[in-house]
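The sequence lines fix the lettering, A, B, ..., with proteins before strands; numbering per chain opens at 1. Computed over heavy atoms, backbone and side chain alike; hydrogens, waters and symmetry mates excluded.
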Protein chains: 2
Amino acid sequence: MQDRITQVLKAIADPTRREIFHALVVAATAMPITQISGQFQISRQGVTKHLKTLEDVGLVHINTQGRERFCVADAKPLKEVNSWLKFYEDFWDSALDDLDSYLDGSS
Amino acid sequence: MQDRITQVLKAIADPTRREIFHALVVAATAMPITQISGQFQISRQGVTKHLKTLEDVGLVHINTQGRERFCVADAKPLKEVNSWLKFYEDFWDSALDDLDSYLDGSS
DNA sequence: TTAATATGCAACTATATGGTTGCAAATATA
DNA sequence: TATATTTGCAACCATATAGTTGCATATTAA
């Protein structure tokens with residue numbers, strides 16, 4: 001098994017999965033799978049698989065109601081990604097100066 | 001080809017790659033490949049492949065000096081991930097209330 | 001009861017990915 | 001010059017991943 005942050009990053013690394021997640025976030029309402037899959041070109045089963053991946057990492061919660069399965073987005077797991085990123089925040093502006101001087105051919 | 005954000009996310013979705021990147025960031029100095037690979041269990045070629053992936057997305061810059069290839073980390077591409085995340089920041093605390101009421105069985 | 005709808009399960013395919021090993025080439029050192 | 005070091009290239013392997021299709025099942029509607 002992989003650690004949580006790896007799982008979440010893998011989940012959002014797929015563009016289709018990000019689109020599905022985004023659609024659910026902006027929908028602001030729970031949507032059954034068929035309705036979601038109607039918004040994408042790939043097959044319903046393809047969408048279902050992506051939803052399963054998203055559910056596994058907690059980015060989507062699914063609630064069965066009769067024959068339908070309603071999906072809602074949950075952005076909470078993204079906090080962990082944000083925490084990981086935060087460490088590098090200090091570097092992504094300053095570090096390049098060192099790089100530039102290095103590439104100048106010094107040392 | 002994939003879009004930039006997807007490439008960056010895929011690059012950091014691998015735990016070994018994150019470790020290599022992190023090692024370079026904290027090293028705060030350029031390191032030749034062999035020296036980097038000495039810090040990991042996988043083969044030098046394995047590390048080289050990861051470095052190539054990191055270089056492709058701009059998270060690492062490589063500068064050849066004689067027979068050595070010095071690698072430096074560059075966190076800049078992570079800004080894009082941060083921007084992507086930012087949109088969901090508003091949701092990752094509030095959204096769950098809706099979810100909870102939903103899971104309560106209403107509607 | 002019969003028909004339609006929403007879904008899951010399973011098998012399958014193609015390709016990407018993380019890793020390895022062997023070898024050749026370039027550079028540095030003795 | 002001979003040897004050691006750093007590296008790239010290429011082939012190879014195992015597994016994961018994104019996607020498909022076909023079929024069975026459960027629920028709802030006619």
Find the distance [X]:[atom1] to [N]:[atom2] and express it as a whole number of Å.
X     : N      : atom1 : atom2 : value
A:Q35 : C:dT5  : CD    : P     : 15 Å
B:R67 : C:dA24 : CZ    : P     : 19 Å
A:R69 : C:dC9  : CZ    : P     : 8 Å
B:L51 : D:dT6  : CG    : C1'   : 14 Å
A:I12 : D:dA18 : CD1   : P     : 13 Å
A:F70 : C:dT5  : CZ    : P     : 16 Å
A:E68 : D:dT28 : CD    : C1'   : 9 Å
A:I36 : C:dA6  : CD1   : P     : 13 Å

What pairs of nitrogen or oxygen atoms, one from the protein and one from nucleotides 18-21 of chain C, lie under 3.5 Å apart?
from	atom 1	to	atom 2	distance (Å)
C:dG18	OP1	B:D14	OD1	3.4
C:dG18	OP1	B:R17	NH1	3.4
C:dG18	OP1	B:R17	NH2	3.0
C:dG18	OP2	B:R17	NH1	2.9
C:dG19	OP2	B:H50	NE2	2.2
C:dG19	N7	B:K49	NZ	3.0
C:dG19	O6	B:K49	NZ	2.2
C:dT20	OP1	B:S43	N	3.3
C:dT20	OP2	B:S43	N	2.7
C:dT20	OP2	B:S43	OG	2.5

Is the shortest side-chain heavy-atom distance between A:L51 and A:I33 below 4.5 Å? yes
Side-chain contact test, heavy atoms from C-beta onward, threshold under 4.5 Å: evaluate it for B:D14 versus B:T53 and give yes or no. no
Residues B:D93 and A:K79 bridged, charged N to O under 4.0 Å: yes
For A:D56, check side chain to side chain contact (heavy atoms under 4.5 Å, CB included) against everything at least two apart and list the hits. A:K52
First encountered from the 5' end of DNA chain D, between A:Q2 and A:G66: A:Q2
Sequence neighbours excluded, which residues qualify as ring pair (Phe, Tyr, Trp, His ring centres under 6.0 Å) partners of B:F40? none
Are the aromatic ring centres of A:F21 and A:H50 under 6.0 angstrom apart? no
